[in-house]
Every structure is written in C-alpha cells, then in structure tokens.
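Have a look at the structure below, then the notes.
Naming convention: chains lettered A, B, ... in sequence-line order (proteins, then strands); numbering from 1 in each chain.
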Protein chains: 2
Amino acid sequence: MYKEKEELPAVTGDFYEQSEKMYVATDCIIFGFDSGNLKLLLFKRRVAPLEGEWSLIGSFVKLDEDVSAAAERVLEEITGLKNVFMEELKVYGAANRDPGYRCISVGQYALIRLKDYDKELVEHHGAVWHDVKELPSLVLDHEQMVEDALEKLKQKARYQPLGFELLPEKFTIPQLQSVYEAIFQKELDTRNFRKKVFSHNVLVKLDEKDKSGSKRGAFFYMFDQKRYKKLVEKGNDFEVF
Amino acid sequence: MYKEKEELPAVTGDFYEQSEKMYVATDCIIFGFDSGNLKLLLFKRRVAPLEGEWSLIGSFVKLDEDVSAAAERVLEEITGLKNVFMEELKVYGAANRDPGYRCISVGQYALIRLKDYDKELVEHHGAVWHDVKELPSLVLDHEQMVEDALEKLKQKARYQPLGFELLPEKFTIPQLQSVYEAIFQKELDTRNFRKKVFSHNVLVKLDEKDKSGSKRGAFFYMFDQKRYKKLVEKGNDFEVF
DNA sequence: AAAAATTAATGTACGATATACATTTATTAA
DNA sequence: TTAATAAATGTATATCGTACATTAATTTTT
C-alpha cells in the first residue's frame with residue numbers, strides 16, 4: 001500500500017496545518033427603493049485602514065456564528081431591521097483581494113423597505129443611501145459585489161416576487177411598476193404590466209387610495225403571501241414578470 | 001465623539017482577534033452522464049475521522065490560493081481534468097456543520113465528460129461513480145449540497161447550454177435529449193426537443209453517424225461555442241430549452 | 001361652475017412561441 | 001425479402017408576449 005497522507009495531501013479531508021489565519025467575512029449589499037430609483041446603503045470608513053473611503057457594510061464571521069447569522073447581525077446593527085429578504089450572492093475568495101490579510105468574504109444582498117429602517121442608527125454608523133446610478137468608488141472588490149448583486153437581482157426578480165420587498169405593505173400598481181423598471185433598467189408598458197401582475201392572483205385590492213402621486217389617486221394593493229406560496233407548492237414555475 | 005471601536009464592534013471593518021481558527025474548505029459536486037443517468041463522483045474515506053463513510057471530494061483552501069483555484073485543484077487531483085465547467089453553488093456556513101472544527105465550505109459543482117477522466121487516478125483515490133438516484137448516505141451536510149446542486153443544475157440548464165458539458169464533443173440528438181431528460185427528471189417530446197435545439201443555430205451537423213445505439217444510426221453533431229457566444233453578446237436571453 | 005390639467009385605469013389585435021400528437025425512413029439482422 | 005429497431009420529420013391549436021390609444025377620476029385654475 002501507498003502512504004495515503006503523502007500521496008493524497010489535499011483531497012482526503014484530513015487537516016493540515018495552516019501557518020497563518022484565514023479570515024471569513026460577510027459584506028452586505030443593501031438595496032432600498034425611493035422615488036423611482038434603486039438605492040444602496042454605503043458606509044464611509046472612519047478608521048484605518050482605508051479611512052475616508054466608501055465601502056459596503058460588513059463584518060467578520062464569529063467563530064460560533066453561522067455565516068448567514070453574521071449577515072443578519074450586520075444588517076440589524078446598521079438598520080435595526082430583522083427578518084428582511086436577504087440571500088447569498090457569491091463568495092469573493094481571491095487570495096489577494098484584501099491586501100495584508102487573507103480574508104474571503106461572503107457577499108449577501110438584502111432588500112429593505114426604506115420607511116422601516118432606523119435612521120438614527122444608520123447615521124450613527126456613517127452610512128448613507130446612494131442612488132445605484134451614481135455610486136462612488138468603493139474599496140477592495142466591493143464594486144464587483146455591487147455589480148454582481150444588481151445582475152442577480154435582475155435575474156431573480158423575473159421568477160420570484162422580489163419587487164414587493166422594496167415597497168411598503170400597501171402599494172399602488174404604478175409604484176410596483178416603477179420598482180420593476182428600476183430593477184430591469186427599462187420602461188415597461190402599463191397595460192401589459194398590469195395584465196401580468198394581476199394574472200397570478202396574488203394581489204389584494206384595498207378600498208383605500210394613495211392620493212400622493214396624482215389627483216385621481218391610485219388604489220392600494222397588498223401582496224398575498226399565502227396565495228403565492230400555494231402557487232409555488234403546486235410547482236408553478238411562473239414568471240412574476 | 002464616541003469611541004468607535006466599542007460602540008461599533010463589528011461593522012467598521014477593523015479586525016478583532018479570533019481565539020481559534022476558522023477553516024475554509026471547498027467541496028466538489030462532480031456530475032457525469034452515462035447510459036441515460038446522471039452520475040456523481042463520491043469518495044469513500046479511508047482515514048479518520050469518519051473512516052469508511054461516503055463523502056464529496058473536498059479540500060481546505062490554502063492561504064495563498066483562490067477559492068476557485070482550490071476547487072480546480074481538487075478536481076484535477078481526483079480526475080486529471082482541467083478546464084471543465086465548474087461553478088460556485090453556495091456557501092455552507094453553519095457554525096456546527098463540522099463537529100470539532102469551525103469550518104465553512106464553498107460548494108462547487110462541476111460537469112465532466114465521463115470518457116475523459118483519468119480512471120486510474122479516480123480509483124487510486126477510492127472515488128466511485130454513483131447514480132444520482134441511488135446515492136448512499138453522505139457525511140456532514142454533503143447530502144444537502146448534492147440536493148442543492150441538482151436543483152441548481154435543473155434551473156441553470158434551462159438558460160445555459162450545460163447539457164453539452166456532459167457529452168463528448170461529438171454527440172447525437174437522442175443522446176442530448178437523454179441528458180436533458182436526466183437533468184429535468186422528465187421525458188421530453190422528440191419533435192419539440194429537436195425544434196427547440198435547432199432553433200438557435202448552435203449545432204453543427206457532421207457527416208458521421210453513431211451506429212452504437214440503433215441500426216439506422218444517428219448523426220453526430222457538435223456544439224458551436226462561437227455562435228453561442230455571439231448570441232449571448234447580442235443580449236439574447238434565450239432558453240436553451 | 002366650468003375648464004384644464006394630471007395621472008390611473010382599461011382592451012384588442014397580431015405575431016411568436018409552446019404543446020400535443022403519428023408516420024415515414026434508414027439500416028441491420030433474420 | 002421481411003422483420004425489427006430507433007431516427008427523423010410536420011402540422012394544427014392553444015397560450016403567451018407585445019404593441020398600441022383612449023377614457024376615467026379627481027384636483028386646481030379660471
């Protein structure tokens with residue numbers, strides 16, 4: 001027999017010693033929506049290294065903490081929000097991505113309702129909302145993360161009802177359309193949009209109107225989570241859009 | 001001013017000390033295709049811990065190594081193959097996923113041509129191909145990884161020409177259909193399948209026939225990478241299937 | 001009180017695509 | 001020559017995507 005350890009150093013699953021530490025971090029790409037535009041929450045670093053530079057909001061993953069929990073912790077620390085839509089984007093694992101340390105980062109993107117977050121907390125951390133069309137330079141590979149997140153959002157939003165995550169519970173159809181126009185970066189036809197979103201029977205019309213946007217006013221709607229879940233369970237692999 | 005470090009422990013991006021090590025690994029979900037069935041390459045552990053148990057093939061990520069490079073290294077060490085389709089699946093980051101150590105794993109799935117790999121190398125590592133419909137129990141969260149990979153493959157294969165990665169360069173339409181039937185886990189209509197795959201003009205018909213599967217023989221085709229890339233560049237967001 | 005202004009809401013016709021479905025063809029083996 | 005086998009092909013229908021213009025409700029202005 002051959003000596004297993006020597007001939008099969010890496011794939012056998014037994015541990016070898018690493019002389020330096022490997023760090024694991026998570027960075028959050030936090031999206032919001034306001035007056036027709038997608039917004040991104042960025043953070044101006046107030047300590048070295050990279051003081052004064054804009055970056056995403058992140059943290060190291062603690063040794064006894066799930067990676068997803070780390071991202072939830074960061075989000076809550078910055079915005080005060082729990083239980084919002086958040087999902088893994090991608091691992092950023094280039095050996096040289098962070099000069100000086102070896103650190104991989106798990107990018108996670110979140111969609112939040114701009115009305116809900118804790119403004120004091122955000123300001124206290126030096127975090128600021130930026131229009132995604134006018135972003136400053138970001139540290140490290142954070143610009144890549146944002147680009148990837150925008151692309152993933154575009155893809156996912158076609159088959160999962162993500163638009164609703166960016167709006168208040170009560171919203172109007174013109175508002176919803178505006179969200180999707182921001183995500184897909186193109187204008188949509190009003191009539192076709194309505195046809196599509198109504199076709200799934202997951203919107204509940206309310207009696208109330210939103211008069212802030214027009215003289216006539218637009219009816220409020222709510223998204224029916226239960227009915228949506230039933231559709232998914234039935235294996236309905238439908239396009240929300 | 002407040003003391004930044006105390007009040008903002010985690011989100012400022014500066015380093016705090018971790019008392020124990022965080023390990024980063026990668027596990028490869030390696031798919032092949034043979035006689036109508038999807039196959040998965042599994043590895044019977046020959047050393048403690050978990051000796052004798054089946055697991056995916058993995059490795060720790062080295063300190064000076066990209067995460068993706070680690071997966072490529074594992075794949076080559078096991079199969080002798082380079083430059084095959086491989087893509088990140090998901091991070092497995094539960095704090096307690098590996099008893100004893102804190103280790104996160106980046107799952108990566110690969111699609112390989114069964115004719116190409118180095119059989120001696122595979123056997124030498126104690127790796128064995130299993131039909132995905134008859135898998136043994138796997139260690140840790142590896143069963144979850146396989147399930148996730150199968151689901152992702154199903155999703156991705158609709159919009160990206162992944163089926164070709166599992167076949168030899170020259171293949172017949174019945175073979176190709178068989179691959180997609182294995183991926184989607186359902187039977188497809190011959191006429192509609194042909195209509196669809198030919199509609200994109202990315203298949204090149206050869207003069208040669210494959211007589212192994214029938215008396216009449218089926219013509220060989222090749223996938224035209226260049227023409228496919230042109231379509232993608234034109235922004236053609238088409239369903240391969 | 002009437003008119004103007006503004007955004008919300010609605011329907012239809014046409015083209016493209018998905019789906020369901022049965023027969024003929026090429027070749028080998030008997 | 002016949003039988004057997006899998007490969008190859010076309011059409012009709014339903015569904016869905018897309019393009020496109022007018023009317024309705026309400027407030028503000030005159």
Exercise. Taking only N and O in the side chain of Arg194(B), is any of them less than 4.0 Å away from OP1 or OP2 of dA8(D)?
Worked result: yes
Exercise. Are Lys196(A) and dG17(D) close enough that a side-chain N or O sits under 4.0 Å from OP1 or OP2?
Worked result: yes
Would you mind reading off the distance between [X] atom [atom1] and [N] atom [atom2], rounded to a whole angstrom?
| X | N | atom1 | atom2 | answer |
| --- | --- | --- | --- | --- |
| Phe193(B) | dT17(C) | CZ | P | 18 Å |
| Arg191(B) | dT23(C) | CZ | C1' | 9 Å |
| Phe220(B) | dA8(D) | CZ | C1' | 16 Å |
| Phe219(B) | dA7(D) | CZ | C1' | 10 Å |
| Asp189(B) | dG10(D) | CG | C1' | 12 Å |
| Leu188(B) | dA18(C) | CG | P | 13 Å |
| Asn192(A) | dA13(C) | CG | P | 15 Å |
| Phe238(A) | dG17(D) | CZ | C1' | 17 Å |

Exercise. Taking atom CG of Leu56(B) and atom CG of Leu40(B), what is their separation to the nearest 0.5 Å?
Worked result: 6.5 Å
Seminar exercise, completed: Which of Phe164(B), Phe33(B), Phe220(B) passes ring-ring contact (aromatic ring centres under 6.0 Å, His included) with Phe171(B)? Answer is Phe164(B)
Exercise. What string of B, S and - do you get for nucleotides 24-30 of chain C 5' to 3' if you count protein non-hydrogen atoms under 4.0 Å?
Worked result: -BBBB--
Lys/Arg-Asp/Glu bridge criterion (N-O < 4.0 Å) met for [X], [Y]:
| X | Y | result |
| --- | --- | --- |
| Arg113(B) | Glu169(B) | no |
| Lys186(A) | Glu181(A) | no |
| Asp141(B) | Arg97(B) | yes |
| Arg191(A) | Asp189(A) | yes |

Exercise. What is the nucleic acid contact for Glu239(A), judged by heavy atoms within less than 4.0 Å: base, sugar-phosphate only, or nothing?
Worked result: sugar-phosphate
Exercise. Centre of Tyr228(A)'s six-membered ring, under 6.0 Å away, within 45 degrees of the axis: is that where NZ or CZ of Lys230(A) sits?
Worked result: no
Exercise. Considering only heavy atoms and no angle criterion, is a donor-acceptor pair shorter than 3.5 Å present between the side chain of Lys195(A) and the base of dT10(C)?
Worked result: no
